[in-house]
Amino acid sequence: MRYWLLKSEPSTFSIDDLAASPHATTSWDGVRNYQARNMLRDQMKKGDLAFFYHSSCDEPGIVGIVEVVKEGYPDHTAFERGSRYYDPDSDPAAPRWYMVDVKLKRRLARTITLAELRRHAKELAGLPLLQKGNRLSVMPVDPSHWKLILSLEHAAR
DNA sequence: GCCAACGTTGGC
DNA sequence: GCCAACGTTGGC
């Protein structure tokens with residue numbers, strides 16, 4: 001079992017949106033980066049857990065935990081003319097982009113902010129989120145990092 | 001709104 | 001294959 005972190009802009013799709021989705025489940029569509037695609041397609045397995053991270057907002061940080069409930073399959077939004085994720089170069093016979101389905105496990109008791117994570121940069125060394133210039137929207141999280149981050153949830157700030 | 005950092009594109 | 005130009009991400 002592996003751990004991950006998934007970024008989403010709350011103005012586009014927030015944890016509230018996920019909670020309001022049927023079965024609190026959504027397809028993680030619209031990823032258009034090859035490195036992230038490879039992880040979605042090849043590495044994320046049913047039962048894996050991921051932090052749900054809000055980016056590009058007032059308080060960037062981790063707000064919940066989701067579980068992978070369906071493994072990588074073609075992202076059909078790439079074939080849909082008019083979709084904001086349409087990619088004319090993705091051939092349905094050889095799909096370029098992939099997605100997984102995730103289900104909300106729970107919200108965190110509070111947002112664990114990026115600023116707070118940075119304060120633990122030493123323990124979280126190697127976490128791509130904290131690396132300069134990192135823009136990956138899907139990234140692996142070491143089990144030790146996962147544990148440390150979760151321990152912050154109920155700790156004094 | 002600014003801008004640094006990055007990935008992708010396309011000319012050569 | 002190189003690399004400049006461009007578009008995007010995302011924190012601040």
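By convention in this document, chain letters (A, B, ...) are assigned in the order of the sequence lines, proteins followed by strands, and residues within each chain are numbered from 1. Note that the coordinates shown come from a computational prediction; the quantities given were computed from them, not determined experimentally.
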Nucleotide N/O to protein N/O under 3.5 Å, stretch nucleotides 1-7 of chain C:
none

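Residue Tyr53(A) places at least one side-chain N or O closer than 4.0 Å to OP1 or OP2 of dG11(C). In this model, the phosphate group of dC12(C) is approached by a side-chain N or O of Arg118(A) to a distance below 4.0 Å at OP1 or OP2.
Residues forming a side-chain hydrogen bond (donor to acceptor under 3.5 Å, both in side chains) with Gln35(A) (at least two apart in sequence, or on another chain): none.
The distance from atom OH of Tyr34(A) to atom C1' of dT8(B) is 9 Å, rounded to the nearest whole Å.
Among the heavy atoms of the strands, none lies under 4.0 Å from Arg32(A). Nucleic acid contact for Ser55(A): sugar-phosphate only, since backbone atoms but no base atoms lie under 4.0 Å from a heavy atom of the residue.
Within the 4.5 Å cutoff, no side-chain heavy atoms of Ser137(A) are placed close to those of Tyr53(A).
For the ring pair (Phe, Tyr, Trp, His ring centres under 6.0 Å) condition, the pairs that include at least one residue of residues 108-146 of chain A, sequence neighbours left out, are Tyr3(A)-Trp146(A), Phe51(A)-Trp146(A). For residues 57-94 of chain A, no residue pair satisfies the ring pair (Phe, Tyr, Trp, His ring centres under 6.0 Å) rule, not counting sequence neighbours. Sorted by first and then second residue, the ring pair (Phe, Tyr, Trp, His ring centres under 6.0 Å) pairs with a member in residues 94-117 of chain A read Tyr34(A)-Trp97(A); sequence neighbours excluded.
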Please list, one pair per line, the donor and acceptor atoms closer than 3.5 Å that link side chains of residues 60-72 of chain A to other protein atoms, with sequence neighbours excluded.
unit_1   : atom_1 : unit_2   : atom_2 : d
Glu71(A) : OE2    : Lys46(A) : N      : 2.9

